[in-house]
Amino acid sequence: NMEKEQTKQLRLEDFKQYPKYVDYYDEDIVVISQWEHCLSAIPSQLNQPVKLDLFLFFICYDGSMQVDVNNQRHILQPNDLITCTPNSVVQHHALLSKGFKGALIALSHNFMRRYLPWKKRTWEAISYLYNNPVTSIQQGQTNRFIPYAQLLKKQFELVDHPYRKGIIHSLFAALLYEMASIIELVLNQTATVRIEDQAFKQRDHIFARFMKALEEDNGSHRTVSYYANKLCYTTKYLSKVVKEVS
């Protein structure tokens, strides 16, 4: 309990305190393209465990870095991407190899909800990433991300562009789909991941069943009471669970 009380919640607005290192910030996206500089300058503040209220991505370009996610230790190598889902407890240590280079990207719940196709397969992917957060990007796949990185870098510099935010959001939405295609490939190559088999809390399990029912219904019914009856819960309870999880 003491440990839980001491674990700070990390929100997107917390990155405002590092303006020197943040390449881009708005209410939905944070980008720190040279994460190694931030880690080297203020390691004591950044090495504390945090509970995420966002989606967090670490990308390793060169060298290696140690990260703990939900008490599991991971060593990031070049072309490794680690995906940390909300409610994960993350702690990255000041154990960087010489020449480490990496980036940090944080995305809000709203951004993910806006652009990801929320269906059963999406929850299977998030469940898989919760238990297997590190994805090794193959050489052929990394080439797909280079044009996006170049375009984003240009937009970060165009501070006065009237549509800068919209362009950046659109580019990140496209990047999400690129990433989703890679995760989909990984899922297809492994044993089928079923939501029911994961160590989900009860409310996450209920929400997953609700999303599955929505997908199967294909928009025929639009009242909460219909799905509450179908899942054998009260309307009030299902509404509460959906609100808490999503």
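Placement of Tyr227 and Tyr237 within a single hydrophobic cluster is found when ILVMFWY residues are connected by side-chain heavy-atom separations under 4.5 Å, directly or transitively. Residues Val89 and Leu76 do not share a hydrophobic cluster, clusters being chains of Ile/Leu/Val/Met/Phe/Trp/Tyr side chains in contact below 4.5 Å.
In this structure, Leu52 and Asn87 have side chains that are not in contact, with every pair of non-hydrogen atoms separated by 4.5 Å or more. Residues Tyr61 and Gln34 form no side-chain contact, since every pair of their non-hydrogen atoms from C-beta on lies 4.5 Å or further apart. Within the 4.5 Å cutoff, the side chain of Asp80 has no heavy atoms near those of the Thr135 side chain. Between Thr83 and Phe58, every side-chain heavy-atom pair lies at or beyond the 4.5 Å cut-off. Using a 4.5 Å heavy-atom cutoff, the side chains of Lys51 and Leu10 are not in contact. Contact check for Gln9 versus Asp14: no side-chain heavy atoms found under the 4.5 Å cut-off. For the pair Gln72 and His74, the minimum side-chain heavy-atom distance is below 4.5 Å. You'll find the side chain of Leu81 stays beyond 4.5 Å of the side chain of Val134, heavy atoms only.
Of all non-hydrogen atoms in Ala106 and Leu12, the two that sit nearest each other are CB-CD1, 3.6 Å. Annotation for Tyr115 and Ala173: closest pair CD2-CB, 3.4 Å, computed over non-hydrogen atoms. Closest approach of Gly63 to Ser97, counting heavy atoms only: CA-OG, 3.2 Å. Looking at every heavy atom in both residues, Phe15 comes nearest to Val22 through O-CG2, 3.7 Å. Heavy-atom minimum distance, Ser64 versus Phe100: O-CD1, 3.6 Å.
The distance from the OH atom of Tyr21 to the NE2 atom of His37 is 9.0 Å, given to the nearest 0.5 Å. Note: Asn70 CG to Tyr130 OH = 4.0 Å, rounded to the nearest 0.5 Å. To the nearest 0.5 Å, atoms CZ (Phe207) and CG (Leu231) are separated by 12.0 Å. Remark: Phe145 CZ to Leu175 CG distance equals 6.5 Å, nearest 0.5 Å. Separating the CD atom in Gln141 from the CD1 atom in Ile182 is a distance of 4.0 Å, to the nearest 0.5 Å. Distance CD1/Ile82 to CG/Leu56: 9.0 Å, rounded to 0.5 Å.
Tested against His169 for a ring pair (Phe, Tyr, Trp, His ring centres under 6.0 Å), the candidates Tyr163, Phe111, Tyr24 yield a single pass: Phe111. Checking Gln91, Arg73, His92 one by one against Asp68, the side-chain hydrogen bond (donor to acceptor under 3.5 Å, both in side chains) holds for a single residue, Arg73.
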Steps toward side chain to side chain contact (heavy atoms under 4.5 Å, CB included) verdict (Asn110, Arg113): CA-CA 5 Å; Asn110 286 336; Arg113 195 158 42 235; 2.6 Å; yes

Intermediate values then yes/no, side chain to side chain contact (heavy atoms under 4.5 Å, CB included), Tyr25 and Val31: CA-CA 7 Å; Tyr25 173 89; Val31 179; over 6 Å; no

Ile75 vs Met65, side chain to side chain contact (heavy atoms under 4.5 Å, CB included): CA-CA, chis, key distance, verdict: CA-CA 6 Å; Ile75 307 295; Met65 179 180 79; over 6 Å; no

Residue pair Phe172, Asp28: steps toward the side chain to side chain contact (heavy atoms under 4.5 Å, CB included) verdict: CA-CA 11 Å; Phe172 268 102; Asp28 289 313; over 6 Å; no

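Ion pairing between Glu27 and Lys165 holds under the 4.0 Å rule for side-chain N and carboxylate O. Between Lys101 and Glu36 there is no salt bridge, since no side-chain nitrogen of the basic residue lies less than 4.0 Å from a carboxylate oxygen of the acidic one.
Annotation: side-chain contact (heavy atoms from CB on, under 4.5 Å) contacts of Asn229 (sequence neighbours excluded): none.
A donor-acceptor contact closer than 3.5 angstrom links the side chains of Ser181 and Arg144. Checking Asn79 against Thr142 by side-chain atom types alone, no donor-acceptor pair falls below 3.5 Å. Under the 3.5 Å distance criterion, with hydrogens and angles disregarded, a donor-acceptor pair is assigned to the side chains of Glu178 and Tyr148.
Between the side chain of Arg11 and the backbone N or O of Asp53 there is no donor-acceptor pair closer than 3.5 Å. A donor-acceptor pair is defined here as one N or O able to donate and one able to accept, closer than 3.5 Å; no such pair exists between the side chain of Ser88 and the backbone of Cys84. Side-chain atoms of Asp23 come within 3.5 Å of backbone atoms of Ser33 as a donor-acceptor pair (strictly under, hydrogens ignored).
Relative ring orientation between His221 and Tyr226 is described as parallel, the plane-to-plane angle staying below 30° on a 0-90° scale split at 30° and 60°.
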